[in-house]
Amino acid sequence: MTALIETERLTKSYGANRGIVDLDLEVDEGEVFGFLGPNGAGKTTTIRTLLDHLRPTSGRARIFGIETTADPVAIHRRTGYLPGEFTLYDRLTGGQTIEYFGNLRGGVDPAYRASLIERLDLDPSRRFKEYSKGNKQKLGLVVAFQHRPELLILDEPTSGLDPLVQQAFYGLVGEAQAEGRTVFLSSHVLSEVERTCDRVAIVRDGRLVRTGRVDTLRDLAHHQVELRFPDGVPTAEFAALPGVSDVVVEDHILRLRVAGPITPVLQAAARHELVDFLAREPSLEETFLAEYGRQATEVSSR
């Protein structure tokens, strides 16, 4: 397949502060590519460097075969971009903002634009300054998608969206890919990336940790489970279950981490009287702390 985005040892330094270091990425034409990492890992710095909003300290990047520092306008013309913080003109309404960006693109299909507004449940009559975080995000998605770009670069695109609008967004991503377009999205939510992406690159502390098919995430995915018992806690029984680790008991509450299927924990819990049972998928940031925190501590202590 043809590589649409290529980076070679891409590095951006902020003096003594960490940015990104020696990133080697390759995103194929027509794929949905997830760029994962906890907050502060370097995702936004990478995206801004790809778009030439930041100049790299060293290394190089190409999009559509064009050096990003040589002709960024040619790249931007074919790209739809949603920044992590979508801030625009406070006094313009959502509709005026969408129209303004559509005109900058030389005009867009009004029927498609209207369908985006409807599917994302956006009220275009309100001024930008009146929008909530979620509605600003919806507006940013309409602006990014409305001209049907060859490449979509989306920085934390579902941040602030309610579950129904998230479903609409997933549908838009699937349609874009079906039309042969490429999507590069950053996220820190494992379930979101598993649902939308073909391949992923995982970044931590500005460096790539791994790159591969989305099923490589399965060994990272886990649940945090909390069981509240009316009296004694059968700690040993749960600690011996497959995939269970990080078992902690506090008063009558048993907290544990479950990697892989949660069924054995549910079956064990069904044999006991419980006051409460909670299970949740952690954010990628929490996952990284669990998976890489010990390694990072060992390195920093050397």
Side-chain angles (χ1 to χ4, degrees), residues 1-12 20-37 41-54 56 59-84 141 144-158 169-204 206-221 284:
M1 296 183 70
T2 303
L4 201 72
I5 300 175
E6 300 172 277
T7 72
E8 298 174 11
R9 301 181 65 84
L10 189 66
T11 299
K12 176 62 184 178
I20 53 175
V21 183
D22 293 339
L23 289 189
D24 290 321
L25 290 174
E26 189 170 293
V27 179
D28 293 329
E29 183 178 356
E31 76 172 331
V32 181
F33 191 91
F35 194 50
L36 290 173
K43 302 188 300 294
T44 296
T45 295
T46 301
I47 287 174
R48 295 183 68 194
T49 305
L50 286 174
L51 291 169
D52 199 45
H53 296 168
L54 297 172
R60 61 193 301 195
R62 289 183 296 274
I63 299 179
F64 304 117
I66 303 168
E67 291 279 347
T68 55
T69 56
D71 194 353
V73 174
I75 294 170
H76 295 173
R77 189 177 294 119
R78 301 163 66 182
T79 301
Y81 170 48
L82 175 70
L141 288 169
F145 275 84
Q146 67 174 337
H147 59 292
R148 286 193 169 98
E150 295 172 56
L151 171 64
L152 284 152
I153 296 181
L154 310 173
D155 193 357
E156 301 281 355
T158 61
F169 166 74
Y170 298 149
L172 291 173
V173 169
E175 290 167 14
Q177 185 178 30
E179 293 169 1
R181 296 186 276 145
T182 306
V183 183
F184 181 94
L185 67 87
S186 76
S187 180
H188 65 275
V189 182
L190 282 168
S191 59
E192 174 178 293
V193 174
E194 285 184 297
R195 176 163 188 163
T196 58
C197 296
D198 303 307
R199 290 194 306 129
V200 294
I202 301 177
V203 64
R204 179 176 66 89
R207 296 179 180 271
L208 282 182
V209 176
R210 65 170 79 178
T211 304
R213 301 290 303 176
V214 73
D215 54 14
T216 63
L217 295 177
R218 289 174 184 162
D219 62 335
L220 286 178
L284 188 65

Please check if any side-chain donor atom of Thr68 sits under 3.5 Å from a side-chain acceptor atom of Asp52, or the reverse.
no
Heavy-atom side-chain proximity of Ile5 to Leu151 below 4.5 angstrom:
yes
In Å and rounded to the nearest 0.5 Å, what is the CZ to NE2 distance from Arg78 to His147?
11.5 Å
Which atom names give the shortest non-hydrogen contact between Gly34 and Val193, and what distance separates them?
CA-CG1, 4.4 Å
Within this structure, what is the CG-OG1 distance for the pair Asp155 and Thr44, rounded to the nearest 0.5 Å?
3.5 Å
What heavy-atom pair brings Val209 and Arg204 nearest, and what distance separates the two atoms?
CG2-CB, 3.6 Å
Donor-acceptor contact below 3.5 Å, side chain Thr7 vs main chain Leu23:
yes
Under a 4.0 Å N-O cut-off, is there an ion pair linking Arg62 with Glu8?
yes
Those residues that, when tested against Glu156, pass side chain to side chain donor-acceptor pair (under 3.5 Å) (two or more places apart):
His188
Closest non-hydrogen atom pair between Arg213 and Val200, with its separation
O-CG2, 4.1 Å
Assess, by modelled atom type and distance only, whether the side chains of Asp22 and Thr11 contain a donor and an acceptor separated by less than 3.5 Å.
yes
Minimum side-chain heavy-atom gap Val214-Arg199 below 4.5 Å
no
Just verifying a value: how many Å separate Glu26 CD and Leu4 CG, rounded to the nearest 0.5 Å?
10.5 Å
Between Phe145 and Phe169, what is the ring plane arrangement, given parallel below 30°, perpendicular above 60°, and tilted in between?
perpendicular
Just to verify, which of Leu10, Leu208, Leu50, Val203 counts as forming a side-chain contact (heavy atoms from CB on, under 4.5 Å) with Leu25?
Leu208
Pairwise distance OH(Tyr81) to CG(Leu154) - rounded to 0.5 angstrom
10.0 Å
A cation-pi test, strictly: NZ or CZ of Arg195 under 6.0 Å from the centre of the six-membered ring of Tyr170 and no more than 45 degrees from its axis. Yes or no?
no
With distance as the sole test, does Gln177 use its side chain to make a donor-acceptor pair with the main-chain N or O of Gly30 at under 3.5 Å?
yes
Provide the closest heavy-atom pair for Pro157 versus Ser186 in the form atom of the first, atom of the second, distance.
CD-O, 3.4 Å
Interatomic spacing from OG1 in Thr45 to NZ in Lys12 - rounded to 0.5 Å:
9.0 Å
Does the Lys43 side chain pair with the main chain of Phe35, one donor and one acceptor, at a distance under 3.5 Å?
no
Could you report the tightest heavy-atom contact between Leu51 and His76, atom names first, then the distance?
O-NE2, 2.8 Å
Give a yes or no on whether the backbone of Arg9 and the side-chain of Asp24 come within a donor-acceptor separation of less than 3.5 Å.
yes
With side chains defined as the heavy atoms from C-beta onward, is the minimum distance between Leu141 and Leu172 less than 4.5 Å?
no
Separation of Arg148 CZ from Glu179 CD (nearest 0.5 Å):
5.5 Å
Not counting sequence neighbours, which residues clear side chain to side chain donor-acceptor pair (under 3.5 Å) with Arg77? List them please.
none
